[in-house]
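Have a look at the structure below, then the notes.
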Amino acid sequence: MGSRVNPSRNKTPLTSPHSSTSPVDNPILPDLPVGEMRSTLQDWYQQQGRKLPWRNHPHPYPIWVSEIMLQQTQVKTVIPYYYRWLEAFPTVEKLAQADQQQVLKVWEGLGYYARGRNLHKAAQKIMQDFGGQFPDTLAKVLTLPGIGRTTAGGILSAAFNQPVSILDGNVKRVLARLTALSVPPRQAVSQLWQLSDRLLDPEQPRDYNQAIMDLGATICTPKNPACLLCPWQQYCQAYHQGIQTQIPMRETKAPLPHKNIGVAVIRNAEDEILIDRRLDEGLLGGLWEFPGGKIEENETIEDCIKREIQEELGIAIAVEDHLITLDHAYTHFRVTLNVYNCRHLEGKPQAIECQEIRWVSLEEIDQFPFPKANSQIIDALRKAQT
DNA sequence: TACCCGTGGGG
DNA sequence: TCCCCAAGGGT
């Protein structure tokens, strides 16, 4: 709690008013023993590095897939998805030929679904523009959707042993502590990239990049870093100052807004259920869902559901009994889903605010990719049926 | 350039 | 229970 910081307070040094360069301007240490640091890190990596499925792979495709899955996602979460993905789409060509719904079904549950859609689009671009070969230059790799500077460096170093630096969450944290960075990393991105460039081992860039990420993931962890086991302990300013748990400094964050949502499970005379496919852009793009919307002030859940279904699908329904209420947290807000069983009364459903609409049975609903919160609704439907 | 974009696990 | 954060990129 003592590490929570108001960023504005850090823009001016509390100390000497005469100092012309604050740590923000120059967090780079003047005399880092770069060669020695590379050597100690590489030695540590040979002994303590993680064995991961995509390491030392001869082909860039599996490495690329792993890099995309690992964006903002922990290794443990990624591994089963990684294997399933390569089974479903063993080559760039197979991925390019798949349709988006297959792709999203395999990605289902992993989150940040634009990653899956971009992987798919990039595979098609590789087939069209690069003759089916994953590109091996930084400029070309950066033209692929879903690949930024860090992911490009990760792929080029791992697949081709090219000396391209990275600045992911692990590296940011390691370098912030190494320099006892006195501002949140976001305010020093340019300087951190310079430091990352400087430290990168030009002789063994593949192992160096993997090593510094392993260091961040297993030793220089966000909480309770294992400084006594760290190969860079002697170079670490945060450790020497005893402030390693306070760095990197955090941004102040506004509390998450909460939305109350009415959700309809609509059945027709054949006992089929109405689902809709969301637009490709934005939250949960391209996934299927049960229709519904935000409950306005002074509106009952029943009124909300009837109104939303009329607006979104152009049909009249009867709202019947309560199925389930569940809470879910997204990155920028929380929701409570109030789910009700409903009956279709009249009108043909139209895709007004979505891409597509289907009447489906509970048996065939598994074929469609749903976001996590909606999967819980499906579970509840199955339970209610038996 | 801030803000948007999921989900699971740890403390 | 709640907050934090994880191999970031797109706009």
Side-chain angles (χ1 to χ4, degrees), chain A residues 1 3-4 7 49-50 52-55 63-82 104 107-119 121-122 141-158 164-174 184-187 189-190 192-193 196 209-218 220-225 245 248-258 278-287 289 327-335 369-376:
Chain A
M1 79 176 170
S3 56
R4 181 177 286 279
R50 295 176 291 180
L52 299 174
W54 42 84
R55 274 197 182 152
I63 293 170
W64 169 39
V65 170
S66 74
E67 289 288 339
I68 301 301
M69 288 185 170
L70 286 162
Q71 288 170 2
Q72 301 294 99
T73 310
Q74 293 187 337
V75 166
K76 194 197 323 180
T77 303
V78 163
I79 286 176
Y81 281 91
Y82 171 79
L104 288 176
W107 199 272
E108 181 182 42
L110 194 52
Y112 286 140
Y113 296 91
R115 294 183 297 170
R117 298 196 305 273
N118 282 333
L119 208 38
K121 283 188 229 166
V141 169
L142 286 173
T143 67
L144 297 172
I147 300 184
R149 190 171 170 185
T150 284
T151 301
I155 296 170
L156 288 169
S157 61
V164 186
S165 67
I166 59 177
L167 189 63
D168 71 324
N170 287 312
V171 178
K172 271 183 196 160
R173 186 172 55 257
V174 169
R186 199 170 56 75
Q187 297 179 27
V189 167
S190 171
L192 288 169
W193 271 109
S196 181
N209 277 344
Q210 297 301 312
I212 192 170
M213 284 192 285
D214 276 16
L215 188 70
T218 66
C220 196
T221 50
K223 293 168 186 171
N224 304 318
T245 60
M249 292 191 170
R250 297 189 189 115
E251 310 276 356
T252 55
K253 286 176 185 171
L256 296 182
H258 180 269
R278 297 173 60 90
L279 301 179
D280 274 344
E281 304 306 315
L283 185 73
L284 306 169
L287 273 68
E289 67 176 1
D327 293 311
H328 193 79
Y330 295 99
T331 308
H332 285 278
F333 62 96
R334 304 172 188 283
V335 292
F370 282 88
K372 205 64 192 174
N374 280 248
S375 300
Q376 293 179 250

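The structure displayed is predicted, hence computed values, not measured ones. In what follows, chains are A, B, ... by sequence order, proteins preceding strands, each numbered from 1.
The CD1 atom of A:Ile155 sits 13 Å away from the P atom of C:dG8 (whole-angstrom rounding). As a whole-Å value, the separation of A:Lys172 NZ from C:dA6 P is 9 Å. One interatomic measurement links the two molecules: CG of A:Leu256 to C1' of C:dC3, which rounds to 9 Å at whole-angstrom precision. Computed from coordinates, the A:His258 NE2 to C:dT1 C1' distance equals 14 Å when rounded to whole Å.
For A:Lys253, whose side chain is taken as the heavy atoms from C-beta onward, the closest listed nucleotide among C:dG10, C:dA7, C:dC5 is C:dC5.
Residues forming a ring pair (Phe, Tyr, Trp, His ring centres under 6.0 Å) with A:Trp193 (at least two apart in sequence, or on another chain): none. Residues satisfying the side chain to side chain contact (heavy atoms under 4.5 Å, CB included) criterion with A:Pro80, sequence neighbours excluded, are A:Arg84. Residues passing the side-chain hydrogen bond (donor to acceptor under 3.5 Å, both in side chains) test with A:Arg334: none are found, sequence neighbours excluded. Partners of A:Arg278 under the salt bridge (charged side-chain N to carboxylate O under 4.0 Å, His left out) rule, at least two apart in sequence or in another chain, are A:Glu289.
Here salt bridge (Lys or Arg N to Asp or Glu O under 4.0 Å) pairs that include residues 67-82 of chain A, with residues two or more places apart or in two chains, number zero.
Within 3.5 Å, a donor on the side chain of A:Arg50 pairs with an acceptor on the base of C:dA7, or the reverse.
Comparing B:dC3 with C:dA7, their P atoms sit 24 Å apart, to the nearest whole Å.
Residues A:Ile212 and A:Asn170 are not in side-chain contact: their nearest non-hydrogen atoms beyond the backbone lie 4.5 Å or more apart.
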Heavy-atom contacts, protein to nucleotides 3-11 of chain B, under 4.0 Å, summarised as B (base), S (sugar-phosphate only) or - (none) per nt, yield -BBBBS-B-
